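Since the structure is predicted, the reported quantities are computational estimates derived from the model, not experimental observations. Scope of the values below: all heavy atoms of this structure, side chains included, with no hydrogens, waters or symmetry mates. First the proteins, then the strands, lettered A, B, ... as listed; each starts at 1.
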There are 2 protein chains.
Amino acid sequence: MSRVARPAAPRTALSPERIAEAALQLIDDEGLDGFSMRSLGARLGVEAMAIYHHYPSKGHVLDAVMDHLLADWRWPPSGSATALERLRRAMHGYRGIALAHPHAFPLLVGRRFNSPGVFAVYERLLQLFAELGLDAAATARWFRTLGYFVSGAGMADIASREIEPDATSLRLQHAPQSVTLPHVAAVAPHLRVDQLDAVFDFGLETLLSALERQARPPRSARPRVGR
Amino acid sequence: MSRVARPAAPRTALSPERIAEAALQLIDDEGLDGFSMRSLGARLGVEAMAIYHHYPSKGHVLDAVMDHLLADWRWPPSGSATALERLRRAMHGYRGIALAHPHAFPLLVGRRFNSPGVFAVYERLLQLFAELGLDAAATARWFRTLGYFVSGAGMADIASREIEPDATSLRLQHAPQSVTLPHVAAVAPHLRVDQLDAVFDFGLETLLSALERQARPPRSARPRVGR
DNA sequence: ACCTGAACACCGTTCAAGT
DNA sequence: ACCTGAACACCGTTCAAGT
């Protein structure tokens, strides 16, 4: 007690990285509604205002959480397989973020990207389309189309899994009269949560098949404009 | 002054419908962040707590707003065209909700459907797949795949349009070095906001072509299980 | 430089009253 | 039945101090 000057100091010094990690853990544990500057401070053993010394606002903390999520994106090695196979794995990897961080994933869909790190991710993704032989215009169309699909799939997956064990058929039982909804009643068993993996594969393969059909064997992996 | 008993009464009596309409207008005007029970009360000329007499919580008001959004869904008449064409128009109609109510649309993606009215919408949509000759399993896959696409497209559209006039190339100019991101630099012009309509059409037509190729001419528009 | 603590202007919601 | 108004337990953030 006489030797140590600061008795109740936090275990580790506060830093942007430590704050962002704690923020993601807090969102994973408590959901986005349970995340506040005060609850984050409490988890770090610090007053809420201490965070403002490392981030100018709550929004900037959430931007850092988004960077963290993108850093978690499991990505296939560059020369490991065909470009199409690597694109397939990258899309599955993106879905993996939604499955691993269901409470945080909506940040990626709902918030704009403000971090510089996101451009490196874009570059790596667009590289794959170039390797498939797509020009810039086709790349843009496919980049967005696949992005729409995987973002929407992540959000819907999360919403479906939130009700255990089977959202749709549960709600269907609460629906007024199943007899007046014959199509809903017929399709409901195939909308169960245990079908979500297969449905994602189906949609992704449908899109990738169309992409493959449209792509020509590349003469060069480089984009058309000057290197 | 002597004749009228209640001098400062609200122009119209408060009702669930009037509250839901005002809530959607408030979200359209001020965004989801500007929507609160207090600001909604102020817009209705009433104390915030008066709303609780018609809805048990803020979440129930938002559910009513979602119902209102779905009621706005422009839907093609039943016998107006081929089932595929009506499905196409329905998907464009769903996108129209995102374009007309960019601040409210994320409610449809992020919140679960608790209203009974949504089942009628599902039934009408699934009817189209049955008319296309798809069985229940294929209907479920296509229902979700198209839903993923249009939901993701709506969210991305909204995010892209939020920065005027051109999100991506603006941010690209702020990016560290465009020279180290050749693919991003090449594709950026095709990611502009004025391309979003064309990109949505491309993705939707890609999916509908695959659907059409897979569908067989229907023997009956009814689902397989008993009516 | 880094953190605290009070304060301000907000939230959603409960509860007791008013009419 | 319908609405008010005070109150409670929260927010994000500013600002003045502390070390």
Between A:Arg124 and A:Trp75, is NZ or CZ placed under 6.0 angstrom from the six-membered ring centre and within 45° of the ring axis? yes
Out of [options], which has the shortest distance to the side chain of [X]?
{"X": "A:Val46", "options": "D:dT13, C:dG12, C:dC3", "value": "C:dC3"}
{"X": "A:Met49", "options": "C:dC3, D:dA1, D:dT13", "value": "D:dT13"}
{"X": "A:Leu14", "options": "C:dC3, D:dT4, D:dC15", "value": "C:dC3"}
{"X": "A:Met37", "options": "C:dG12, C:dA1, D:dG12", "value": "D:dG12"}

Could you tell me the separation between the [atom1] atom of [X] and the [atom2] atom of [N], rounded to a whole number of Å?
{"X": "A:Arg18", "N": "C:dC2", "atom1": "CZ", "atom2": "P", "value": "14 Å"}
{"X": "B:Lys58", "N": "C:dC10", "atom1": "NZ", "atom2": "P", "value": "15 Å"}
{"X": "A:Leu44", "N": "C:dC2", "atom1": "CG", "atom2": "P", "value": "15 Å"}
{"X": "B:Tyr55", "N": "C:dT14", "atom1": "OH", "atom2": "P", "value": "18 Å"}
{"X": "A:Leu32", "N": "C:dC11", "atom1": "CG", "atom2": "C1'", "value": "17 Å"}
{"X": "B:Ile51", "N": "D:dA1", "atom1": "CD1", "atom2": "P", "value": "20 Å"}
{"X": "A:His53", "N": "C:dC2", "atom1": "NE2", "atom2": "C1'", "value": "5 Å"}
{"X": "A:Leu40", "N": "D:dG12", "atom1": "CG", "atom2": "P", "value": "10 Å"}

Would a line drawn from the ring center of A:Phe149 to the ring center of B:Tyr148 be shorter than 6.0 Å? yes
Tell me if the centroids of the rings in B:Phe143 and B:Tyr122 come within less than 6.0 Å of each other. yes
State whether B:His54 places a side-chain N or O below 4.0 Å from either non-bridging phosphate oxygen (OP1 or OP2) of D:dC3. yes
Does C:dT14 have OP1 or OP2 under 4.0 Å away from a side-chain N or O of B:Tyr52? no
How far apart are the closest heavy atoms of A:Phe35 and A:Ala23, and which atoms are they? CE1-CB, 3.8 Å
Which pair of non-hydrogen atoms, one from B:Met155 and one from A:Gly110, has the smallest distance, and what is that distance? CE-CA, 4.1 Å
Decide yes or no on salt bridge (Lys or Arg N to Asp or Glu O under 4.0 Å) for B:Asp157 and A:Arg144, but give the supporting numbers first. CA-CA 10 Å; B:Asp157 260 32; A:Arg144 291 213 108 127; over 6 Å; no
Side-chain contact, heavy-atom cut-off 4.5 Å: A:Leu125 with A:Met91? yes
Can you work out whether A:Pro56 or A:Ser39 has the more 5'-proximal nearest nucleotide on DNA chain D? A:Ser39
Only Watson-Crick and G-U wobble pairs with both distances less than 3.5 Å should count. Give DNA chain C in dot-bracket notation, marking inter-strand partners with |. ||.|||||...|||||.||
Pick the nucleotide of DNA chain C nearest each of A:Arg38 and A:Ala48; which residue has the one closer to the 5' end? A:Ala48
